[in-house]
Structure formats: C-alpha cells, structure tokens
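Everything below concerns the one structure shown next.
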Amino acid sequence: MLHITSLKDGLEIYKALASEVRLDLLNILLENNNISMNELASQLNISNGALTGHIKKLESCGLITVANDSTGHGNQKAYSVHLDKILIDMEKEVDLKNIYNTEVKVGHYTNYKVFPTCGLASDKNMIGEIDDPRYFNHPDRYSADILWFSEGFVEYNIPNFIPANQKITQLSISCELSSEAPGINNEWPSDIRFYLNDTCIGSWLSPGDFGDSRGLYTPDWWLPIWNQYGLLKLLLINKRGTFIDGWKISDVTIDNLNLDFRSELRFRMAVESDSQHVGGLTIFGKGFGNYNQDIKVSIHYAPFVNF
C-alpha cells in the first residue's frame, strides 16, 4: 500500500493514472499477473513500442514491477501490479518537523507467547527448528526478518524519542502481514488484534496466507510451499479514532491513550483463541514479501501548551 500524506506528493501517481490505456493495462495485470509485454500489447491492441512508454510511466511510480521471466524463451520480462492500495490524505498537511520516524525489526519483540505452526528466519537462513516455540527466545531471533505463528502474540517496544514536554498527537504503524496456514492457503482468514499499552485498539481480518506467486523480495532459498508475501497495512491512531488503511476500526483515540514524551509504547499483534477466525499471523520484514520494509512507525507530536 502507498500512503500519500500530501496531495502534491501524489502528482506523479495522478499523472500515471490519467490515461485510459494505462488503466486498462493495470486492469489486465490485476487479472493476469506476471505476463509478458507481447501479451500485454496484444490485449491492449497497441504496438510494443507504444506500450513501452506506458510501462515506464507506471514503473517509475511504483505501480507495477518488472522481473525476468525464467519460464519464457530468451530475454523475456514479466509485469505485475506492485501496489494493492493507494491511500490519499485529504486533510491539511502536517508539519513534518514534528514527526519522529523509526523502524523496528521483526525479530526485536520484547514479549511473546506463540503456538505451532510457528517459526522464524533471517533473509539468509532458518532460526532454530520449525514449530518449536522455544526458538522465539533464541539469541539469533534478533536477526529475524520473518516470523509466523498459528495463535498467540508478539509485542514490541516502540522507541519514543520525541522531544521533552511534547504530547503524542498521532501514531502510525506500517507493516506487511498475512495469516499463517499449514503450508499456504490464499483463503485462510485470521482475526489479528492490535494492542497499545494493553489497550485493544482494533482488529483486522487477514484474508489469507499468500503463496500464489513468489514475494518480490523473498530469498531464493525460501521454499515455494511456504507463504510468500503479505499485505501492507497502515494502522493509524489519531483524534478521530483508530484506522486501518483509512477505514475506522475502533473509537479508541490518541487522547484516550494519553501518550507523551515519557510514555512507553508497547505494541502487540495477537491472534487469540476467542476470535471467530483463529488463522495465525505472519509478519514480513526486510528481505521478505513484497515491500522490503521492517515495522515502520511515525510519531506526530506537539507541545503541551497546544492542548
């Protein structure tokens, strides 16, 4: 998912989408991911030369990706849609000076309780044994770039280094997530709950454990029968409530949490036994999935005198 926080920042995206041919191209890719230029040109009824310009425009904006097609003959390239959602903020632009940005690696959790199927891996190798929760306490888990479990939770301490005498006015957390099925299953729903400092701020229903195509950044040694990628989700807590990708999921506001420069920020992701869909959780970090990022956090703040 792409989050555009300023209307001007999305100008190139708007230009790329302001073409009937490029919209038709994207619709084709949504139906038939990883197809060649010849197939695209044929379906659009235009020449390869005319198609090249449209491809470059969409690729430059990150809307599509290009990869070598190992199944074809010669130097074939395959095209696929990269972004699953675009979220545009229509509110007044925020002061970028009053934002603290940080990232937390997938393996840097501070508390956990997990049940098999479960495991961890770095982008180079597995960490310990699969389906043995004891390895979630192994020293090598700090290097983990992916983790998964069928039930339980992991909790992270988010660094809070905003200036003194400041109040947190908004918190956003971005990470790539999916369910956790035995093997892979694109239709494997899971209710994933989010907590901040032990307060449940909402939940998201993950539709599946995706393995229909290889993750763009998933390492070559990762087996094709394992989950390949997730969906990039943006969790936002502000004065109006808590949101996932712009959709309100609870009435918990940032003011309810009463956070400031002294606050501990304990962020928990959980799949609990009382949920309707107990389908596990996979968290993808750098070197895995489609987005090549760790857990990204933005903390907006303002002086106490403004409240």
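Values reported hereafter were calculated over all heavy atoms of this structure, with side chains retained and with hydrogens, waters and symmetry mates removed.
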Subject >> Contact summary for Asp140 and Ile127, nearest pair of heavy atoms >> reply: O-CD1, 3.3 Å

**OP:** For Leu265 and Ile299, run side-chain contact (heavy atoms from CB on, under 4.5 Å): C-alpha distance rounded to whole Å, both residues' side-chain angles, the deciding distance at 0.1 Å, then the answer.
**Re:** CA-CA 11 Å; Leu265 302 175; Ile299 304 173; 3.8 Å; yes

Original post:
Should the ring pair Phe210 and Tyr229 be called parallel, tilted or perpendicular, given that the plane angle runs from 0 to 90° and is split at 30 and 60?
Top reply: parallel

Subject >> N/O donor-acceptor pair under 3.5 Å between Tyr100 side chain and Tyr301 backbone >> reply: no

Original post:
Between the side chains of Glu180 and Ser190, does any donor sit under 3.5 Å from an acceptor?
Top reply: no

Original post:
Is any side-chain N of the basic residue among Arg266 and Asp198 closer than 4.0 Å to the acidic one's carboxylate O?
Top reply: yes

Original post:
So Asp123 and Lys286, salt bridge (charged side-chain N to carboxylate O under 4.0 Å, His left out) or not? Walk me through it.
Top reply: CA-CA 8 Å; Asp123 62 353; Lys286 285 183 178 176; over 6 Å; no

Subject >> Identified ring-ring contact (aromatic ring centres under 6.0 Å, His included) counterpart of Phe288 within the set Tyr217, Trp222, Trp226 >> reply: Trp222

Subject >> Heavy-atom check, side chain of Gln228 versus side chain of Thr282, under 4.5 Å >> reply: no

Subject >> Heavy-atom pair of closest approach, residues Ile64 and Leu26 >> reply: CG2-CD2, 3.6 Å

Subject >> Side-chain heavy atoms of Ile158 within contact of Ile295, under 4.5 Å >> reply: no

Original post:
Are side-chain N/O atoms of Ser143 and Ser122 paired as donor and acceptor at under 3.5 Å?
Top reply: no

Subject >> For the student: nearest non-hydrogen atoms of Ile55 and Leu25, plus distance >> reply: CD1-CD1, 4.0 Å

**OP:** Return the minimal non-hydrogen interatomic distance between Asn160 and Asp260, and the atom names on each side.
**Re:** ND2-O, 3.0 Å

Subject >> Electrostatic pair Lys113-Glu151, nearest N-O below 4.0 angstrom >> reply: no

Original post:
Using the ring of each side chain (for Trp, its six-membered ring), is Phe194 parallel, tilted or perpendicular to Phe267, with breaks at 30° and 60°?
Top reply: parallel

Subject >> Residue pair Trp204 / Leu177: nearest heavy atoms and the distance that separates them >> reply: CZ3-CB, 3.9 Å

Original post:
Using a distance-only test with no angle check, is there a side-chain donor-acceptor pair under 3.5 angstrom linking Ser206 and Ser178?
Top reply: no

Subject >> Steps toward side-chain contact (heavy atoms from CB on, under 4.5 Å) verdict (Asp294, Val104) >> reply: CA-CA 6 Å; Asp294 293 318; Val104 181; over 6 Å; no

**OP:** Could you tell me whether Lys56 and Glu59 have a side-chain N and a carboxylate O separated by less than 4.0 Å?
**Re:** no

Original post:
Which atom names give the shortest non-hydrogen contact between Gln170 and Ile254, and what distance separates them?
Top reply: N-CG1, 4.1 Å

Original post:
Would you say Thr242's side chain and Ile249's backbone share a donor-acceptor pair under 3.5 angstrom?
Top reply: no

